[in-house]
Amino acid sequence: MLKVALTAGFCGGLTTFSTFSLELLQMLMNGHFIPAFLYIVISISLCLAAVWLGTIAGKMLV
């Protein structure tokens, strides 16, 4: 069961990052530099916020 969960998590993360990279590359190739920059900043900011909130929630449950 653990192997399936780890494999699904790894593949899910890999495909998510691949999609992010492809969309970013397409924006840059089409000359949409400001939207690409905003896409990077907002995506990373939201990811960090989610990890921070998850850490806080995890500490409250333990």
Side-chain angles (χ1 to χ4, degrees):
M1 186 68 164
L2 181 61
K3 183 178 178 181
V4 172
L6 290 175
T7 303
F10 176 76
C11 290
L14 188 60
T15 57
T16 300
F17 186 73
S18 296
T19 301
F20 171 77
S21 299
L22 176 63
E23 289 175 345
L24 183 59
L25 180 62
Q26 288 174 339
M27 285 183 198
L28 293 171
M29 290 176 69
N30 290 324
H32 303 289
F33 300 110
I34 293 174
F37 174 76
L38 291 173
Y39 186 47
I40 293 168
V41 171
I42 292 170
S43 294
I44 292 174
S45 297
L46 289 176
C47 287
L48 289 173
V51 169
W52 179 67
L53 289 173
T55 302
I56 291 172
K59 287 180 180 179
M60 292 174 70
L61 294 173
V62 174

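Values below: every heavy atom of this structure, side chains too, minus hydrogens, waters and symmetry copies.
Atoms CG and CG, from Leu25 and Asn30 in turn, are 9.0 Å apart once rounded to the nearest 0.5 Å. One distance of note links CG of Leu38 with CZ of Phe33; it measures 13.5 Å at 0.5 Å rounding.
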Begin with the C-alpha distance, continue with both residues' side-chain angles, and end with the deciding distance and a verdict on side chain to side chain contact (heavy atoms under 4.5 Å, CB included) for Leu28 and His32. CA-CA 6 Å; Leu28 293 171; His32 303 289; over 6 Å; no
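Under the 4.5 Å side-chain heavy-atom criterion for grouping Ile, Leu, Val, Met, Phe, Trp and Tyr, Leu24 is connected to Ile44 within one hydrophobic cluster. Following chains of ILVMFWY side-chain contacts shorter than 4.5 Å, one can reach Met27 starting from Phe17, so the two form part of one hydrophobic cluster. Hydrophobic clustering, with ILVMFWY side chains joined whenever heavy atoms are under 4.5 angstrom apart, keeps Ile40 apart from Leu22. In the hydrophobic clustering of ILVMFWY residues, with side-chain heavy atoms under 4.5 Å counting as a link, Leu46 and Leu53 come out apart.
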